[in-house]
Amino acid sequence: MVMRNGRLESPYISVRLLSSLKGFFTLKELESKLGIPYQVIWRYISLKSTPEKTTARKIIERIESLNLIEEALRRNLRVNRYNYIESWRLMSNYKFLELMGYVISSFVGDEEVNVIVSPQGSFPLALIASDWLKAKALSCMEHASLSLESYLRSSYVSLDRGAVVELYVPSQIEVDDRVILVRDIVKNLESLEAIIDIVNDAGAKLWGVFSVISISDEWEKKLDDLGIGKKMAFYRMPR
């Protein structure tokens with residue numbers, strides 16, 4: 001699923017994952033899948049005991065090999081009668097966001113990322129990723145309120161919306177920062193060039209793009225054309 005590093009194999013991380021997975025699986029289900037008595041899992045989650053380093057590593061490896069995080073997503077995924085993914089279910093579920101924080105942190109690995117940007121609707125994802133990466137989270141807003149005294153600005157043409165869309169990002173990106181764009185759902189990434197303009201204007205670099213769900217491969221082709229090699233879609237909707 002994802003590549004881990006030593007930082008993400010600690011007992012603390014394994015307990016953090018177990019606690020989040022408990023939001024989607026019963027203790028009995030976790031016992032069956034992980035091969036650990038549910039009483040022990042409960043003691044880990046309630047912080048009454050801590051797994052040894054070797055046990056923690058095995059727990060994480062088992063979680064990944066069984067794709068439990070992806071299964072958690074599928075259990076929370078809803079497509080409504082208008083054929084729209086109800087992404088609010090994902091962005092308002094703290095335990096799911098915690099799992100995505102782990103996935104994003106694994107995706108970034110040992111590389112340095114200083115800033116996380118996202119559309120407003122995906123900002124909960126950026127916030128949780130900022131905790132895992134110890135990076136700054138900034139929202140790409142389509143309106144600049146008077147509370148935003150200083151901002152970076154660009155615009156793009158949205159054929160999907162039939163409009164020119166303005167983007168505003170707080171002036172908190174610094175020279176030489178490495179920036180990752182995170183989104184809940186991605187299709188064609190119409191805003192990409194505008195985001196790159198904002199990042200470049202700040203003297204920074206767009207390191208890569210992460211999306212929880214991809215419903216097309218158009219955005220990946222666009223990244224390839226622009227020479228941005230770091231990209232990840234955690235889950236791809238069946239065609």
Side-chain angles (χ1 to χ4, degrees), residues 1-4 8 13 16-17 19-25 60 63-80 82-109 111 113 115-133 135-142 160 167 169 179-192 195 206-224 228-239:
M1 184 188 71
V2 290
M3 295 298 294
R4 283 177 287 110
L8 296 178
I13 297 299
R16 198 168 175 178
L17 289 176
S19 179
S20 297
L21 288 170
K22 179 60 179 64
F24 304 93
F25 302 90
I60 294 170
I63 288 171
E64 293 191 357
S65 66
L66 292 176
N67 293 323
L68 295 188
I69 299 178
E70 182 176 321
E71 186 173 344
L73 182 151
R74 291 198 301 269
R75 291 187 178 197
N76 204 39
L77 185 62
R78 298 289 185 278
V79 178
N80 64 27
Y82 304 110
N83 204 32
Y84 273 79
I85 297 169
E86 295 188 347
S87 59
W88 65 268
R89 295 181 183 273
L90 307 176
M91 294 299 102
S92 63
N93 189 320
Y94 178 76
K95 290 187 180 295
F96 176 76
L97 291 170
E98 269 280 88
L99 294 173
M100 287 300 99
Y102 168 78
V103 173
I104 294 171
S105 187
S106 299
F107 169 52
V108 172
E111 298 198 41
V113 168
V115 179
I116 304 160
V117 297
S118 75
Q120 279 184 284
S122 301
F123 196 57
L125 181 65
L127 281 175
I128 206 74
S130 72
D131 180 51
W132 281 82
L133 296 177
K136 189 184 305 177
L138 300 174
S139 176
C140 297
M141 297 167 282
E142 296 184 2
D160 286 345
L167 285 184
V169 176
V179 181
I180 182 172
L181 169 65
V182 300
R183 298 181 60 104
D184 54 354
I185 301 170
V186 66
K187 179 185 175 184
N188 52 19
L189 206 53
E190 289 183 315
S191 62
L192 180 62
I195 292 170
L206 183 64
W207 177 86
V209 177
F210 172 89
S211 181
V212 177
I213 297 173
S214 172
I215 58 177
S216 168
D217 60 1
E218 291 180 51
W219 66 282
E220 293 174 292
K221 294 175 182 176
K222 187 177 293 187
L223 286 173
D224 289 338
I228 301 171
K230 301 290 186 179
K231 55 184 179 294
M232 179 181 179
F234 178 69
Y235 181 77
R236 297 179 185 275
M237 290 294 290
R239 297 286 178 90

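Hydrogens, waters and symmetry mates are skipped; everything else that's a heavy atom, side chains included, is used. Bear in mind the structure is a predicted one, so any value in this text is a computation, not a measurement.
- Between Ser216 and Met237 there is no side-chain heavy-atom pair separated by less than 4.5 Å.
- Within the model, atoms CG of Leu192 and CH2 of Trp219 stand 10.0 Å from one another, a figure rounded to the nearest 0.5 Å.
- Contact check for Leu99 versus Val103: no side-chain heavy atoms found under the 4.5 Å cut-off.
- Side-chain contact between Glu64 and Tyr102 is present, with heavy atoms from C-beta onward closer than 4.5 Å.
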Q: Evaluate the side-chain contact (heavy atoms from CB on, under 4.5 Å) criterion for residues Arg183 and Val212: first the C-alpha distance (whole Å), next the side-chain angles of each, then the deciding distance (0.1 Å), finally the verdict.
A: CA-CA 7 Å; Arg183 298 181 60 104; Val212 177; over 6 Å; no
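- Rounding to the nearest 0.5 angstrom, the gap separating the CG atom in Leu77 from the OG atom in Ser87 is 10.0 Å.
- The two residues Arg78 and Arg74 have their closest heavy-atom pair at NH1-O, 4.5 Å.
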Q: Output, in order, the C-alpha distance, side-chain angles, deciding distance and verdict of side-chain contact (heavy atoms from CB on, under 4.5 Å) for Ile213 and Leu90.
A: CA-CA 10 Å; Ile213 297 173; Leu90 307 176; 3.7 Å; yes
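- Annotation: side chain of Ser118 is not in contact with side chain of Leu125 (no heavy-atom distance under 4.5 Å).
- In Lys221, the NZ atom is not crowded: 12 or fewer heavy atoms of neighbouring residues, nucleotides or ligands sit closer than 6.0 Å.
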Q: Output, in order, the C-alpha distance, side-chain angles, deciding distance and verdict of side-chain contact (heavy atoms from CB on, under 4.5 Å) for Lys95 and Phe24.
A: CA-CA 9 Å; Lys95 290 187 180 295; Phe24 304 93; 4.2 Å; yes
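- Pairing each heavy atom of Ala233 with each of Ser214, the nearest pair is CB-CB, 3.6 Å.
- By the 6.0 Å contact criterion, NZ on Lys136 is enclosed, its count of non-hydrogen atoms from other residues, nucleotides or ligands being greater than 12.
- Remark: Glu98 pairs with Arg16, Trp132 by the side chain to side chain donor-acceptor pair (under 3.5 Å) rule, at least two apart or across chains.
- Atoms CE and CG, on Met100 and Leu73 in that order, are 6.0 Å from each other to the nearest 0.5 Å.
- Between Leu138 and Val179 the shortest side-chain heavy-atom distance does not fall below 4.5 Å.
- Atoms CZ and CD1, from Phe123 and Ile128 in turn, are 11.5 Å apart once rounded to the nearest 0.5 Å.
- The shortest side-chain heavy-atom distance between Phe96 and Arg89 does not fall under the 4.5 Å cut-off.
- Judged by distance alone, the side chain of Ser122 and the main-chain N or O of Asp184 form a donor-acceptor pair under 3.5 Å.
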Q: Might you work through the salt bridge (charged side-chain N to carboxylate O under 4.0 Å, His left out) test for Asp217 and Arg236, ending with a clear yes or no?
A: CA-CA 9 Å; Asp217 60 1; Arg236 297 179 185 275; over 6 Å; no
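- The two atoms that bring Trp207 and Val108 nearest to each other are CH2-CA, 3.8 Å, heavy atoms only.
- A 4.5 Å side-chain heavy-atom check between Ile13 and Leu17 finds at least one atom pair inside the cut-off.
- With hydrogens and angles ignored, the 3.5 Å screen pairs a side-chain donor or acceptor of Lys222 with a backbone N or O of Leu189.
- Annotation for Pro119 and Ser139: closest pair C-OG, 4.3 Å, computed over non-hydrogen atoms.
- The distance from atom CG of Leu181 to atom CZ of Phe210, rounded to the nearest 0.5 Å, is 11.0 Å.
- Taking a 6.0 Å sphere around NZ of Lys187, one finds it holds 12 or fewer heavy atoms contributed by other residues, nucleotides or ligands.
- The shortest heavy-atom contact between Gly208 and Ile228 is CA-CG2, 4.1 Å.
- Residues Leu68 and Leu21 come closest through the heavy atom pair O-CD2, 4.0 Å.
- Side-chain contact between Met91 and Leu97 is present, with heavy atoms from C-beta onward closer than 4.5 Å.
- Atom CD1 of Ile195 sits about 7.5 Å away from atom CG of Leu206, to the nearest 0.5 Å.
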Q: Run the numbers on Ile180 and Lys230 for side-chain contact (heavy atoms from CB on, under 4.5 Å), then give the verdict.
A: CA-CA 9 Å; Ile180 182 172; Lys230 301 290 186 179; over 6 Å; no
